[in-house]
Number of protein chains: 2
Amino acid sequence: MLTIGKLAAETGVKVPTVRYYEQIGLLPPPERSSGNQRLYGPLARQRLAFIRHARALGFPLEAIRDLLSLSDRPELPCSAADAIAKAQLAAVQARIAQLKALEQELQRMVIQCAHGTIADCRVIEVLGDHGQCAHDHHTVPEAME
Amino acid sequence: MLTIGKLAAETGVKVPTVRYYEQIGLLPPPERSSGNQRLYGPLARQRLAFIRHARALGFPLEAIRDLLSLSDRPELPCSAADAIAKAQLAAVQARIAQLKALEQELQRMVIQCAHGTIADCRVIEVLGDHGQCAHDHHTVPEAME
DNA sequence: CTAATGTCTCTAGTAACTATAGCTGCAAGA
DNA sequence: TCTTGCAGCTATAGTTACTAGAGACATTAG
Ligand SMILES: [Zn+2]
Ligand SMILES: [Zn+2]
Ligand SMILES: [Zn+2]
Ligand SMILES: [Zn+2]
C-alpha cells in the first residue's frame with residue numbers, strides 16, 4: 001500500500017492532482033490509514049496511470065471518465081471506446097490544420113518586418129488588418145486542454 | 001457612434017466579450033449615452049478588430065495588451081513587437097510538433113483495434129500502458145488558448 | 001523527544017470567456 | 001398613450017484541469 005506521495009511519485013502526478021481526481025470521481029475513494037491518510041493499492045496505481053496516459057494523449061477528463069467505465073466492462077463491444085479515440089484523433093487533426101495556418105501567417109509577419117519603428121512594423125500592421133493575411137484562419141483557436 | 005450590439009456585430013465579437021475586454025482594461029471605457037449605454041467610435045472599433053485578429057492568431061490576451069501599448073507608441077523600435085510575434089510562432093510550432101506525435105499514437109490505436117470486445121480493445125490496452133506507444137509524447141498538452 | 005517532512009481539508013486562483021438573473025432604456029405597433 | 005419586446009446594464013457564477021495557499025494533524029529521522 002502506497003501513501004499519496006509515493007503514488008504520485010510513481011506515476012509522475014502531483015499530489016493535489018490525485019486528490020482532485022478523487023474529488024471529481026475519476027479515482028475511487030481509497031482506504032485510509034489509522035491516521036486518516038490515503039492508502040493506495042496496485043489497482044489504483046493502474047487506474048491513475050491510465051488517466052495520465054490518456055491525458056498525455058489529449059483526451060479530456062470527461063472522455064477519460066467514459067473510457068474508464070468502459071474498461072470496467074470487458075465483455076462489451078469496444079465500438080464506444082473506438083469512437084472516443086476517433087473523435088480525439090479528429091480533434092487533434094483539426095487543431096493541427098488550424099495551427100499550420102496560424103504558423104504561416106505568423107511566419108509571414110515575422111519575415112516581412114524590416115525591424116524599423118512600430119509605425120512601420122509589419123507585425124503591428126498585419127494584426128490591425130486581416131486583409132493583409134494570405135489565409136483565412138478565421139476562428140479563434142480553441143483550447144484542447 | 002455605435003452601441004455595443006452594433007460594434008459586436010461589426011467585429012464578430014459577442015457583446016459580453018466586449019464588456020469583458022473593457023473590464024480587464026484591453027478596451028478603454030467608452031462614452032455613455034444619456035441612458036448610460038456604451039457608445040463606441042471608429043478608434044474603439046479598430047482596437048477591437050486588432051484584439052480579435054491577434055486572438056485569432058493565438059496570441060494570449062497578455063501579449064495583446066503589450067502589443068496594443070506598443071502600437072500606441074509608433075516612434076519606438078519594433079523589436080519588442082517582433083519578439084512577441086516570434087515567441088507566438090515558436091509556441092505554435094512547438095504545439096504542432098507535439099500534436100503530430102499525439103496524432104500518430106492515436107492513429108496507431110485506432111487502426112490496430114480489431115473491433116471486438118473491450119477486453120481485446122487496442123485503444124483501452126494502449127491507454128493503460130505507454131510501453132505500447134511508439135513515441136514519447138510524455139507531457140500533457142498544454143492549452144495555448 | 002523533537003524537528004522536519006508529509007498529509008489532511010478547504011478555499012481561491014489561473015485563461016478567456018460564457019451564461020444567468022434581475023433590472024432599466026428605448027423604439028415601434030395598436 | 002400604452003405596451004410589448006428587444007437591447008443594454010450590473011454583478012455573479014460556471015467552464016477545464018488543475019495549482020497554490022492556509023492552518024491543523026500524522027509520521028518518521030535523528
Ligand atoms: Zn517589426
Ligand atoms: Zn488574418
Ligand atoms: Zn477497440
Ligand atoms: Zn504513450
Side-chain angles (χ1 to χ4, degrees), chain A residues 1-27 29-40 44 48 50-68 88 91 95 139-145, chain B residues 1-27 29-40 44 48 50-68 88 91 95 139-145:
Chain A
M1 294 308 245
L2 302 166
T3 63
I4 196 170
K6 314 257 180 182
L7 176 71
E10 274 201 16
T11 53
V13 178
K14 289 178 188 154
V15 168
T17 304
V18 177
R19 289 196 278 247
Y20 170 70
Y21 287 160
E22 178 186 336
Q23 190 197 320
I24 64 170
L26 275 192
L27 289 175
E31 295 178 49
R32 298 287 182 130
S33 73
S34 58
N36 197 36
Q37 301 196 346
R38 290 170 177 84
L39 292 177
Y40 296 93
L48 181 55
F50 185 103
I51 295 171
R52 280 326 277 193
H53 196 209
R55 286 292 298 129
L57 288 165
F59 288 88
L61 290 181
E62 272 317 296
I64 296 172
R65 190 190 299 279
D66 295 342
L67 288 166
L68 281 169
Q88 175 63 13
R95 189 98 165 92
T139 52
V140 172
E142 289 298 323
M144 198 161 38
E145 312 305 290
Chain B
M1 294 308 246
L2 301 165
T3 62
I4 196 171
K6 314 258 180 181
L7 175 70
E10 274 200 16
T11 53
V13 179
K14 288 178 189 153
V15 168
T17 304
V18 178
R19 289 196 279 245
Y20 171 70
Y21 288 160
E22 178 186 336
Q23 190 197 319
I24 64 170
L26 275 193
L27 288 176
E31 295 179 48
R32 299 286 183 130
S33 73
S34 58
N36 198 36
Q37 302 197 344
R38 290 170 177 82
L39 292 178
Y40 296 93
L48 181 54
F50 185 103
I51 295 170
R52 279 328 273 194
H53 196 210
R55 286 293 296 129
L57 288 166
F59 288 89
L61 290 182
E62 272 318 296
I64 296 172
R65 189 189 300 279
D66 295 343
L67 288 167
L68 281 169
Q88 174 62 14
R95 189 95 166 96
T139 51
V140 171
E142 289 299 322
M144 196 160 40
E145 312 304 291

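Computed over heavy atoms, backbone and side chain alike; hydrogens, waters and symmetry mates excluded. No experiment lies behind these values; they were computed from the predicted model shown. Here is the naming used below: chain letters follow the sequence lines, and residue numbers restart at 1 for every chain.
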Do [X] and [Y] come close enough that some side-chain heavy atom pair is under 4.5 Å?
X	Y	answer
A:Lys14	A:Tyr20	no
B:Val18	B:Tyr40	yes
A:Val13	A:Ile51	no

Inset, instruction - Please say whether more than 12 non-hydrogen atoms of neighbouring residues, nucleotides or ligands are located less than 6.0 Å from CD in B:Glu10. - result: yes
Legend entry - salt bridge (Lys or Arg N to Asp or Glu O under 4.0 Å) against B:Arg65, all qualifying residues, sequence neighbours excluded: B:Glu62
Legend entry - B/S/- contact track for nucleotides 3-12 of chain C, protein heavy atom under 4.0 Å: ---BSSB---
Inset, instruction - Return yes if some donor-acceptor pair links the side-chain N/O of B:Gln37 with the main-chain N/O of B:Thr3 below 3.5 Å, else return no. - result: no
Verify the contact: side-chain N or O of [X] to OP1 or OP2 of [N], cut-off strictly under 4.0 Å; return yes or no.
X	N	answer
A:Thr17	D:dT19	yes
A:Tyr20	D:dT16	no
B:Lys14	C:dC17	no

Inset, instruction - Starting at CG of B:Leu61, measure out to CZ of B:Arg55 and round the result to the nearest 0.5 Å. - result: 5.0 Å
Protein and nucleotides 2-6 of chain D: nitrogen or oxygen contacts under 3.5 angstrom:
none

